[in-house]
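Report on one structure; see the data block that follows.
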Amino acid sequence: MAAATFGFPHEHRLGKPADFKYVFEKAEKSADTYLTVLARVNDRGHARLGLAIAKKQIPRASARNRIKRLIRESFRLRQAELGSVDIVVLARSSARLSDGETLRNSLEKHWKALIKRCDSC
RNA sequence: GGAGUCGGCCGGACAGUCGCUGUCCGCGUUCGCGCGGAGGGAGGAAAGUCCGGGCUCCGCAGGGCAGGGCGCCAGGUAACGCCUGGGGGGCGCGAGUCCACGGCAAGUGCCACAGAAAAUAUACCGCCUCGUUUUCCUAAGGAAAGCGCGGUAAGGGUGAAAUGGUGCGGUAAGAGCGCACCGCGCUCCCGGUAACGGGAGUGGCAGGGUAAACCCCGCCCGGAGCAAGACCAAAUAGGGGAGCUUUUGGGUAAACCAAGACGUGUGGCCCGCACGGCUCCCGGGUAGGUCGCUCGAGGCACGCGGUGACGCGUGUCCCAGAUGAAUGACUGUUCCAGACAGAACCCGGCUUACAGGCCGACUCCUUUC
RNA sequence: GCCGGUGUAGCUCAGUCGGUAGAGCAGCACAUUCGUAAUGUGCGGGUCGUAAGUUCGAUUCUUAUCACCGGCU
């Protein structure tokens, strides 16, 4: 059961353009200077994650990979608490210069805020 | 010991926990996949996309034109604008290093300003012979100044660049006018596969620069690119074909024409209005998916040939194939505290970025033996 | 990933057989007006994206590099 709680298989990702469109249409939003996090309730019984790290905001490929890994890792550890929602994380240009510790703290904040709001609605 | 040159290599290590993605084996399976185990999982530049190939589709008898590229010689290579060796020139005491290094004595163009003149030459100042006028000195004669016909390329001045350089002779003054040496052209001989080098003779010298100006000569090049291309293929609309249901009239014929019935929608219902054969198959094709997709001009070791790039032979190994896109996170130990940076069809190069470290060869200087 | 284009004054742009770079707007000063705007006259402002090379000489030619923009799903 532990593996199922912390794992990150393919069904837990947003793959198709339609999935992203679904979230962008009507989403709960939480943002700071590093990241913008969008969330919308789904009917799948688990959380799903989509990443939108723009080349325009983060020009270097190695930096984009680093940010995506940090977000996936944080999501993997917290997904059980998030419930049944689709999430899209967008990077902003200041994320390029920030270190891992800063981004992890930022993500923790966003998860908590979204859990609260999705429960209430 | 110090300073330096060249070549090659590395790009944190180890352990534990939680995750991601291919491959192989075993078991289960609702054939979608799931579980367990083993083993693999970014780079020297993966980058820039600047060259060259493979591969795929399109075009194509052959050749030429146009356009583009390359440019000392020889070799290597699948090919190259790359590499190796050699030649010539520049820089450095040296090890070495740098060079788009064919042709302007085929043609055309350009060379601002300055300068007399910027390229068939030419005479501004100057120098000199001769003629002539004036003035001066004691006559013959000479001197100075002006003007004129000429000679001259030594000197001045301009410029980035001025028609071989230096010296001696020579001359009215000068000049390859003559001579010596250097440079240049031509001829011959020798060495070298060649670029080129060396030597001898000969010509008095013909060539300003610019071809990353047009151009000439030699060689090379068809175009597009894995978002290439191939295959499977839902829903909806439309296309083609077959079969079938149905009232009346026209008609050889029930799908050719007209009217009606019937069905659907609107509406509480009727009239009315609008729309409409039904079923199956076929091909194109969108979403989506599969293949292309990694065994290759491959790595490593040894031997042989070659100065070398490289080639040949034998043995051995399988070493990323993702698709919102996989290598990470946390903890601990340790050291010199980790730079530049992330594969996307694949190779060979070039160029650019880069913390720090290791190895080898060689040069110069100083000191000691 | 692939293909193509552009960098010149504060802004928008010109600039060809290589010879010391311009226009409009903006800015400043003066004139005009009681004052402002408009108008007129004058002035300043450029490492020609960066670095090498070719040339006597480069915005222009060549190479490398940096930045920005666009197209292809």
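So you know, we letter chains A, B, ... as the sequences are listed, proteins then strands, and number each from 1.
Checked for salt-bridge contact, A:Glu108 and A:Arg78 meet the test: a charged N lies under 4.0 Å from a carboxylate O. Taking a cutoff of 4.0 Å between a charged side-chain nitrogen and a carboxylate oxygen, A:Asp86 and A:Arg48 qualify as a salt bridge.
Separating the CD1 atom of A:Ile67 from the P atom of B:G342 is a distance of 13 Å, rounded to the nearest angstrom. One atom, CZ of A:Arg60, and another, P of B:C354, lie 11 Å apart when rounded to the nearest Å. Separating the CG atom of A:Leu51 from the P atom of B:U323 is a distance of 14 Å, rounded to the nearest angstrom. For the pair A:Ile71 CD1 and B:A329 P, the interatomic distance rounds to 14 Å; values are reported in whole Å. As rounded to whole Å, 12 Å separates atom P of B:A344 from atom CZ of A:Arg64. Across the protein-nucleic acid pair, A:Leu77 atom CG and B:A329 atom P stand 13 Å apart, rounded to whole Å.
Put simply, the residue from A:Val37, A:Thr36, A:Leu114 that forms a side chain to side chain contact (heavy atoms under 4.5 Å, CB included) with A:Lys29 is A:Thr36. The side chain to side chain contact (heavy atoms under 4.5 Å, CB included) test with A:Ile87 is passed by exactly one of A:Leu14, A:Val23, A:Leu49: A:Leu49.
Comparing B:C10 with B:C340, their C1' atoms are spaced 15 Å from each other, to the whole Å. Nucleotides B:G40 and B:G338 place their P atoms 29 Å apart, quoted to the nearest Å. The gap from the C1' atom of B:C14 to that of B:U307 amounts to 47 Å, rounded to the nearest Å. Atom C1' of B:U56 sits at a distance of 13 Å from the matching atom of B:C346, rounded to the whole Å. B:A121 sits 41 Å from B:G67 when the C1' atoms are compared, rounded to a whole Å. The gap from the P atom of B:C57 to that of B:G52 amounts to 23 Å, rounded to the nearest Å. When the P atom is compared between B:C350 and B:C83, the two are found 6 Å apart, to the nearest whole Å. Using P as the reference atom, B:C291 and B:U245 are 49 Å apart when rounded to the nearest Å.
In a base pair of the Watson-Crick type (N1 to N3 plus N6-O4 or O6-N4) or a G-U wobble (N1-O2 and O6-N3), with each distance short of 3.5 Å, C:U41 is matched with C:A29. If you check B:C262 for Watson-Crick or wobble pairing at under 3.5 angstrom, you find it paired to B:G276. As the counterpart of B:G148, B:C130 is assigned, both hydrogen-bonding distances of the Watson-Crick or G-U wobble pattern falling under 3.5 Å. Base pairing annotation: B:U5 forms a Watson-Crick or G-U wobble pair with B:A361, both donor-acceptor distances under 3.5 Å. The partner of B:C82 is B:G76, by the rule that a Watson-Crick or G-U pair needs both atom distances under 3.5 Å. If you check B:G167 for Watson-Crick or wobble pairing at under 3.5 angstrom, you find it paired to B:C179. Remark: B:C270 base-pairs with no nucleotide; criterion is Watson-Crick or G-U wobble with both hydrogen-bond distances under 3.5 Å. The pairing partner recorded for B:U97 is B:G90, the criterion being a Watson-Crick or G-U wobble arrangement whose two distances lie under 3.5 angstrom.
Glycosidic conformation of B:A15: anti, with the torsion beyond 90° of 0. By the rule that a glycosidic angle within 90° of 0 means syn, B:G222 does not qualify and counts as anti. In this structure B:G356 sits in the anti conformation; its chi angle is more than 90° from 0. The glycosidic torsion of B:G69 lies more than 90° away from 0, which places this base in the anti conformation. An anti base is found at B:C293: its glycosidic angle is more than 90° from 0.
Nucleic acid contact class of A:Ala63 (heavy atoms, under 4.0 Å, all strands): none.
Side-chain contact between A:Gln79 and A:His46 is absent, with no heavy-atom pair separated by less than 4.5 Å. Within the 4.5 Å cutoff, the side chain of A:Phe8 has no heavy atoms near those of the A:Glu73 side chain.
Along RNA chain B, the nucleotide closest to A:Arg104 and the one closest to A:Leu14 are compared, and the more 5′ of them pairs with A:Leu14. When the nearest nucleotides of RNA chain B are assigned to A:Gly50 and A:Arg66 by heavy-atom distance, the more 5′-ward of the two goes with A:Gly50.
The ring pair (Phe, Tyr, Trp, His ring centres under 6.0 Å) search around A:Tyr34 returns none, not counting sequence neighbours.
The two residues A:Ala52 and A:Val88 come nearest to each other via the heavy atoms CB-CG1, 4.4 Å. Of all heavy-atom pairs spanning A:Leu35 and A:Ser106, the tightest one is CD1-OG, 4.0 Å. The minimum heavy-atom distance between A:Ile53 and A:Val89, with the atom names listed, is CD1-O, 4.3 Å. Closest non-hydrogen pair, A:Leu103 versus A:Leu70, comes out as CD1-CD1, 3.8 Å. Residues A:Asp32 and A:Arg92 share a closest heavy-atom pair of O-NH1, 3.2 Å.
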Please enumerate all protein N or O atoms sitting under 3.5 Å from an N or O of nucleotides 326-328 of chain B, with distances to 0.1 Å.
| from | atom 1 | to | atom 2 | distance (Å) |
| --- | --- | --- | --- | --- |
| B:A326 | OP1 | A:Arg72 | NH2 | 2.8 |
| B:U327 | OP2 | A:Arg69 | NE | 3.2 |
| B:U327 | OP2 | A:Arg69 | NH2 | 3.2 |

What's touching nucleotides 43-45 of chain B from the protein side, N or O pairs under 3.5 Å?
none

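Phosphate contact (OP1/OP2 of B:A341, side-chain N/O of A:Ser62, threshold under 4.0 Å): absent.
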